[in-house]
Amino acid sequence: MARVLLRDLNKHYETFHAVKDVSLEIQDREFVVLVGPSGCGKTTTLRMIAGLEAITSGEILIGDTVVNELPPMDRDIAMVFQNYALYPHMSVRDNMAFGLKMRKFEREEIARRVKIAADILGIESLLHRKPRQLSGGQRQRVALGRAIVRNPQVFLFDEPLSNLDAKLRVQMRVELKKLHERLGTTAVYVTHDQVEAMTLGDRVVVMKDGWVQQVGDPLELYNAPANKFVAGFIGSPGMNFAAVSFQREGDTLLAVNHGLRITVPAPIAARLNGHAGRDATLGIRPEDLHLAGPDDDEGHCFEALVEVIERLGSEILLDVKVGPASMVASVPPTVRTRMRDTIRLALDPERLHFFDAETEVAL
Amino acid sequence: MIEGAKWRRWVYFHIPLAGFLIWLLFPFYWMMITTVRPDGELYRPWNAPNYTPFWTNNPTFEHIRYLFAETLFATWLWNTMVIALAATAISLVCGVFAGYALSRLKFPFAGSLGTMIFVTYLVPQTLLFIPLADIIRNFRIGDSPWALILTYPTFLIPFCTWLMMGYFKAIPKELEECARIDGASRWQAMIYIILPVAVPGILSAGIFAFTLSWNEFIYALVFLSSPQEKTVPVGVVSELIRGDVFFWGPLMAGALLGSIPVAIAYSFFVEHYVSGLTGSVKG
Ligand SMILES: Nc1ncnc2c1ncn2[C@@H]1O[C@H](COP(=O)(O)OP(=O)(O)O)[C@@H](O)[C@H]1O
Ligand SMILES: [Mg+2]
């Protein structure tokens, strides 16, 4: 087991700069998830760690060794591919044993390790089958088995669950988490699904256009997004945004827009001091909005026109219009409203976010 | 079954299929019937009262006997077999490696090299045999099997390379990458993973190459002259057509027997071969 260190990692394809100055320290036994929209360079980063893609500039260390020039086989890693990449002409047993055979392990040792891995994954009964005789979930397990028999220093996963149906995906997610608890192997996991990232990752790395946007544990990303992109990417449904400008009224700072006149709480206002008079984006998560009651401060309420009502059972999502801006509010299932009603919503002032209108950095 | 669906099946499926089959198989039937037809019937005029073009009442093996006893047909068969197998083996080895390199390795001009190989394949043999004849004379291998074993690959290698390139491209590159992470060298990954997966493609290429060399005519006609060195297609035509006299019986017998090895090769590999053509390598 080992830590993995990325230092100012860059990848240029002929004309395209796919990965930009990525620096990251992955601790021993840590489960780190790279997440971001498709095309943001996650796979490329992972493939550089694996040694499948040449590094344009920067350094990768696994353990204490610089591995830039090492071929994949000498990096002591195992990778699970999106399409599983099972060897179609080999039985499950041979698929799992291949890596050990290549490394000249004793026959008994190979048999022992395959058995242990098959036990862990519950695929003992499939060992004699060919990959084409397996279901998607079973193939997934075999691919995992092939990775764990090798007992490598680092696991690399590239969207391993994205070919499974929704239900199986949730189930395998839990199993992956358990597997990591049990084996404790350092893991780097790539996904475009923020739910997967949040549930699996000890730490999550959000990427966009080849840049790392933010690194942090899931709650950090959720509570204190570093910029507007992370704020909108993490959480479902996504954070509501509204363009606002700041006005000072006596001691209080107001964020103002059509239909909005929000009193900025003192701690946040202190941070925003230099920003008065300039434009910003206000962010508030759907779950931090509720129907205004008598306890709510007038400065945290606003009127909204209900456009769509989505009843999800455990909650109701109200798609509302606030001035020109659209917002979503998550309210308890007991709330009764109708379409085209005008309602009063209140926000939780502690949970307000502000982003610079131009740089989109959190203020 | 819904009334009417039955005749639809007949009109749109069975009858056209039967027509197609008859159209396709008739030449072979003609070949067979001529092989076993006695000479007396063969040269009977079409308006004779007992003219029976589509069957015979007195089948005979005389033509086949003639072929083996009076001509060098057995030697031709042997020559053709040796030449076709050797040329196929050479072409397959080169084609598989070249196809792998062109589809998998990144090197400058890989793309244009692939196209150039394909263009080579398009140069007609009827042009190429002139310079090749010169080369063969210089190497003093004219009138020997080597003349064909070494010239057939000029069109077989591009063909095999092109076919294998397509096949290798269809194999997900992750398979190989996974093998390399698993500890296999590039060479081992190719031997243990890529080649076994590509077996259907290799078989298809092999069968096509074998058939092409088995049936090849021009080079065999030009580069071989002694009767005992000839291949079946050339031998049959040059020894059984004398002037303007066609020995139809032995000719057809030769054609029939000559097509049997190819037919066997096809039916033997048909399962692999078909999946090779449809190229399914689903994990
Ligand atoms: N071999 C390649 N040649 C050129 N561009 C590539 C290559 N592989 C990936 N890219 C580009 O690099 C960017 C990042 O790709 P990738 O890392 O696969 O993204 P993702 O985050 O979806 O996994 C994409 O825009 C992609 O088009
Ligand atoms: Mg990807």
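Naming: A, B, ... by sequence-line order, numbering from 1 per chain.
Side-chain polar atoms of A:Tyr87 and B:Asp182 form a donor-acceptor pair below 3.5 angstrom.
A 4.5 Å side-chain heavy-atom check between B:Ile181 and A:Arg75 finds every atom pair outside the cut-off. Annotation: side chain of B:Val199 is not in contact with side chain of A:His89 (no heavy-atom distance under 4.5 Å). Annotation: side chain of A:Met73 is not in contact with side chain of B:Arg180 (no heavy-atom distance under 4.5 Å). When side chains are defined from C-beta on, B:Leu175 does not count as touching A:Phe81, because their heavy atoms never get closer than 4.5 Å. A 4.5 Å side-chain heavy-atom check between B:Glu177 and A:Met79 finds every atom pair outside the cut-off.
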Candidate pair B:Cys178 and A:Tyr84, rule side-chain contact (heavy atoms from CB on, under 4.5 Å), full reasoning: CA-CA 9 Å; B:Cys178 196; A:Tyr84 315 139; over 6 Å; no
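Counting non-hydrogen atoms of neighbouring residues, nucleotides and ligands closer than 6.0 angstrom, the OH atom of B:Tyr29 exceeds 12 such neighbours. Atom CZ of B:Phe20 is surrounded by 12 or fewer heavy atoms from other residues, nucleotides or ligands within 6.0 Å. Around atom CD of A:Glu109, more than 12 heavy atoms belonging to other residues, nucleotides or ligands sit under 6.0 Å away. Atom NZ of A:Lys20 has more than 12 heavy atoms from other residues, nucleotides or ligands within 6.0 Å. Few gaps surround CG on A:Asp165; more than 12 heavy atoms of other groups in view lie less than 6.0 Å from it.
Remark: A:Glu175 engages A:Arg141 in a side chain to side chain donor-acceptor pair (under 3.5 Å) (not counting sequence neighbours). The salt bridge (Lys or Arg N to Asp or Glu O under 4.0 Å) check on A:Arg103 picks up nothing, with sequence neighbours excluded.
Between B:Glu174 and the options A:Asn83, A:Leu52, A:Leu86, A:Asp158, a side chain to side chain contact (heavy atoms under 4.5 Å, CB included) holds for only A:Asn83.
To the nearest 0.5 angstrom, A:Met102 atom CE is 4.5 Å from B:Tyr192 atom OH.
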